[in-house]
Each structure stands twice: as C-alpha cells, then as structure tokens.
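All remarks here apply to the structure that follows.
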Amino acid sequence: MLRTATQFRGVASRPLKYTQFLRYNSTTGKYDAVVIGGGPGGYVHAIKLAQLNLKTACIESRGALGGTCLNVGCIPSKSLLNNSHLYHQITHEAKSRGIDINGDINVNIANLQAAKLKAVKGLTGGVEMLLKKNGVDYYKGHGSFVDENTVNVKSIEGKDDVKLTADNITIATGSEPTPFPGIEIDEERIVSSTGALELKEVPKKLAIIGGGIIGLEMASVWSRLGSEVTVIEFQNAIGAGMDSEVAKTTQKLLAKQGLKFKLGTKVTKGVREGESVKIEVENVKSGEVENLDADILLVAIGRRPYTKGLNAEAIGLEQDNKGRLVIDSQFRTKHPHIRVIGDVTFGAMLAHKAEEEGIAAAEYIKHGHGHVNYNVIPSVMYTHPEVAWVGANEEQLKEQGIKYKVGKFPFIANSRAKTNLDTDGFVKFLADAETQRVLGVHIIGPNAGEMIAEGGLALEYGASTEDIARTCHAHPTLSEAFKEAALATFDKPINF
C-alpha cells in the first residue's frame, strides 16, 4: 500500500526478492541503477549503490553536484554566517576580549562572496571526484522518463541526448523555493534564498517574509554586516518546529542583536519600485494595515518539491496535495523499481535526512532491507547562538498525553562558555516521567549544532538521562552543560 507522509513510519520490513540486475553496456546505455539528481540524497545514493557493486549512473542538471545544499543552500550560507560572525566579533567584542584594534575594520563584500564561492567549488568538485573514485558515471543534463525503465538525458553541454535504461531508477530531484502568491521574484530587489546569498552590497533595509531557519539565518548575516532587518512572520512565533520556550528565547536574543520582528502579520503586497520595494502588511488579529519600505525583500516561506521536466506523469507517478511523490515504506512508487528520496517526497527537507534515505534506499535495492529512524533527525539553525533540536518538543508530548520531566542547564553556569564570553542559552532535556528515557533534546547556545549529535545518539539507543549524567564529560567543555541538563531531570545539577 502506498502511504501518505503522516502514515509513513520508515520501519524496516522483510527482505524482498529482486530481479537480476542489468549489466552495463556502453553501446546500449544499460545500468543496474540510474539516479536522477546529484544532491546530498542523490550522490550519496549513487556512491552507495556503486559500493554495493551495482553499475550506476547519476544525472544532474545543475552542472555542479551537491544540489541546493552545496551550491545555493547549506554550504554558502554557512560561509557567510561564519565570516559575518567573525566580523561582528571583531567590531563588537574585541575590546572586551582584551584585543585593541587600530584603524578601520571594513567588510569587502566581493571578497566575502569569493570566500564563499571557493568553499562551494571545493566541495562540489570533491563530490565529482567521489563519483569517479567509486565508478559512478556522471551525466550533466536533464533527466526525464521515456518509459518505466528508460530515462532520457538532455545534455547541458550541447551533446546529443542519451537514453539510459536500468532495472532500478531513483528520483532525487530535490526542492526549490516556494513562491509567494502575487509577489514576483527578480533576484535583484525581490529575492529568494538564492538571491540573498548573492547580494553585491549590504542593503540599508532588508525585509524578510518568513521567520523560519532560512529567513533567520539570512537575517543574521546581513544584520551583522549593517542592514536594518525586519522579519515578517504570519505565525505568532518564529522558528517553525522549535520547542516554544526555545523559540521565545531565540527571538529575544536575536532582537538584542538588532533584528526587528513583526509576528502574527501577513504580507498583502510586495512591489518593486525602482531601487526599492514597497511592502504592505496586515496584522492577522486586528486587521491593521502598515506600509514598509526596503532595499531588498527576501521571500523565505519554505521550499517545495521539484519535479519540473521529469515527465513523471507519463509513467503515472502519484503526487500528494503538496506536490510530493508518493512512496511506500521502502521508498517505492507504484512502480516498485522506481524509488524516491529526499526533498521531493515526504518529511523534513534536510540534507542529512536525504543522505540517510540514500543509504537505506541503496540497501533496499541490493539486500531488500534498510533503515531510517525518522524520529531521530536533528535540526540546526546556524545563527548565533546556534539552535538545535532532536526528538519531541513539549508541545508534541502534551498533545500525545505523554508524561515527562524537564531538565535544563544554562550556559551562564558552564565554565567553558564563561571563559569564551559566550554564555547565552541553555540545554533542555525532555525525559519520560517514569523511565527517564530521553524523549527530546533542545539546545540554544554555543556549539549547539555539534552537541546535538550526542542527543541523537541517546535517542537512537534508547538512553536514559541517568545514562548520560553518569557518563564522564571532559572539563572544561560546553558538553558539560549537556550532562548537567540530563542530571536535572531526576536530581539537582551540581554547578547551578
């Protein structure tokens, strides 16, 4: 039975019998497996297939591997976030750290963007080398279905079309920014996340529609560099998916950094007029209308599955009401040999989620069994302080009627955080009230994105908070706050 996103649980099932794989022939273009899309899900899937001794081809239309993540998402945004944070530290914190700066400190946007591009090219080129190392054939072009076993590749390099056939075909075409009805994105004054990464000068005023991770990360970058940033969010809270306490704390800390927030507010108009953008907003509750001006308007209301040019309809692939391709628990469509992974199907649109599916789908193809635990997919927002979480939040536990305990520990009481003059935030554990089994971990603070991995490991292995509290953590480290927060669910913390 094909399942919807809400029904899907991703559990392993009994091994399947599968047909003999086709052997590759350079004349006929036959492969054991063809992967359409070379993003984090697609290229990882292709490499794993090749490692499992399947002759594999990977098709990517961008001309550079790595998908949105490496080219116009995770990697370039992290470069800008890291370097803008260094600039902010130098200009705002140097004196308190005992560092005297003589002379002007300026941002060179061209060089900032060049550093970003260097990181991107190094990583995308590295992925291409990995495909070659593992024997994956890489086709630069647009893949579209001819029939259930044949994919046509329209070259982006001016070469003749190539038809590839395979017993197994996997769709990993990713996602694209969701457009805002009535607002035309020109990637100059009204931009998507892609355009926000390519700005050639610091806007005096930046307005952002959407208070999710993408919007807040871009808000942080340009605010640090001197923009007056206003975040407009329809909901009454920022950070969709965050624990509500963490979201409120995050908003307060970002507001202290200069970001302005208009929550419970909908955008009714956004029009470019010359070198500025006129924006009309309306308070959701009161209906009060306000007009805003900005040099740049960023539309960051999420992403949607990308299936353009795939010709999926020709072979009858089903989509749900969000445009996601429908699959079963083994990533199979209505045609069992055609699978779908990553952003183009159900679940969180995260690179690491797609990677895990890429491995599992390859194992299903080769062995008939695979595994992804969708309850242990971490999320990270790379603002400063960072925000990271894995497992359930308080709202979800209350909705499910699960009795739980909360353990918290603030970074202000952590020796390494105090030494680093970086004490905002806390670690928060949610544990089963009776067994102390970890149900969720939420961190706002320095190094949260790295520390959350320990929370994911605890959830994966069904650890209790006592297990963590009794595990020795090195001193002085930020991870001691993790241990103390776990301790706080059933006893008193030592250092607070």
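Keep in mind that what you see is a predicted model, and the values were worked out from it rather than measured.
- We find that Arg272 and Asp186 are joined by a salt bridge, their nearest charged nitrogen and carboxylate oxygen being less than 4.0 Å apart.
- Taking the centre of each ring, Phe482 and Phe429 come in below the 6.0 Å mark.
- Counted by atom type alone, Thr170 and His45 present one or more donor-acceptor pairs between their side chains at under 3.5 Å.
- With hydrogens and angles disregarded, no donor-acceptor distance shorter than 3.5 Å links the side chain of Thr345 to the backbone of Gly342.
- Checking Val153, Ile156, Ile59 one by one against Lys140, the side chain to side chain contact (heavy atoms under 4.5 Å, CB included) holds for a single residue, Ile156.
- Judged by distance alone, with hydrogens and angles left aside, the side-chain atoms of Asn82 form no donor-acceptor pair with the main-chain N or O of Lys78 at under 3.5 Å.
- Side chains of Asn447 and Glu386: no donor on one and acceptor on the other come within 3.5 Å.
- A donor and an acceptor atom, one from each side chain of Thr68 and Arg303, are located under 3.5 Å apart.
- Closest approach of Ala485 to Val427, counting heavy atoms only: CB-O, 3.5 Å.
- Neither side chain, His352 nor Glu357, offers a donor N or O lying under 3.5 Å from an acceptor on the other.
- Proximity of Leu86 to Asn83: side-chain heavy atoms (C-beta onward) are separated by under 4.5 Å at one or more points.
- A distance of 9.0 Å separates OG1 in Thr265 from CG in Leu292, rounded to the nearest 0.5 Å.
- Taking a 6.0 Å sphere around CD of Glu399, one finds it holds 12 or fewer heavy atoms contributed by other residues, nucleotides or ligands.
- Minimum interatomic distance between Pro385 and Pro446 (heavy atoms only, all atoms of both residues): CB-N, 4.5 Å.
- The backbone N or O of Ile327 lies less than 3.5 Å from no partner atom in the side chain of Thr333, so there is not a single donor-acceptor pair.
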Checking side-chain hydrogen bond (donor to acceptor under 3.5 Å, both in side chains) for the pair Asp422/His384: CA distance, chi angles, key distance, verdict?
CA-CA 10 Å; Asp422 198 0; His384 192 87; 3.0 Å; yes

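- Ser192 and Glu187 are linked by a side-chain donor-acceptor pair at a separation below 3.5 angstrom, with hydrogens and angles left out of the test.
- For the pair Lys408 and Phe426, the cation sits on the ring face: its NZ or CZ lies under 6.0 Å from the ring centre, inside 45° of the axis.
- With hydrogens and angles left out, the side-chain atoms of Asp343 and Ser175 include a donor and acceptor closer than 3.5 Å.
- Residue His473 is tested with Glu454, Lys483, Glu484 for a side-chain hydrogen bond (donor to acceptor under 3.5 Å, both in side chains); the sole match is Glu454.
- Counting only N and O atoms by type, the side chains of Lys116 and Gln113 include a donor and acceptor under 3.5 Å apart.
- Exactly one residue among Val202, Leu199, Leu259 makes a side chain to side chain contact (heavy atoms under 4.5 Å, CB included) with Ser227. That residue is Val202.
- The pair Lys95-Asp100 fails the salt-bridge criterion, with no side-chain N (NZ, NE, NH1 or NH2) lying under 4.0 Å from an Asp/Glu carboxylate O.
- Counted by atom type alone, Ser244 and Glu395 present one or more donor-acceptor pairs between their side chains at under 3.5 Å.
- Looking at Thr268 and Glu280, their side chains do bring a donor and an acceptor atom within 3.5 Å of each other.
- Between Lys428 and Glu245 there is a salt bridge, since at least one side-chain N of the basic residue sits less than 4.0 Å from a carboxylate O of the acidic one.
- Note that Lys353 lies in the cation-pi zone of Phe346, set by a 6.0 Å cut-off to the ring centre and a 45° limit from the axis.
- At least one donor-acceptor pair closer than 3.5 Å links the side chain of Asn414 to the backbone N or O of Arg416.
- At a threshold of 4.0 Å, the pair Glu228-Lys260 counts as salt-bridged, since one of the basic side-chain nitrogens sits closer than that to a carboxylate oxygen.
- Ile452 approaches Val441 most closely through the heavy-atom pair CD1-O, 3.7 Å.
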Under the side-chain contact (heavy atoms from CB on, under 4.5 Å) criterion, do Glu275 and Arg189 qualify, and how do the steps go?
CA-CA 7 Å; Glu275 298 303 300; Arg189 291 293 167 180; 2.7 Å; yes

Starting from the C-alpha separation in whole Å, work towards a yes-or-no answer on side-chain contact (heavy atoms from CB on, under 4.5 Å) for Val162 and Asp160.
CA-CA 6 Å; Val162 177; Asp160 291 340; 5.9 Å; no

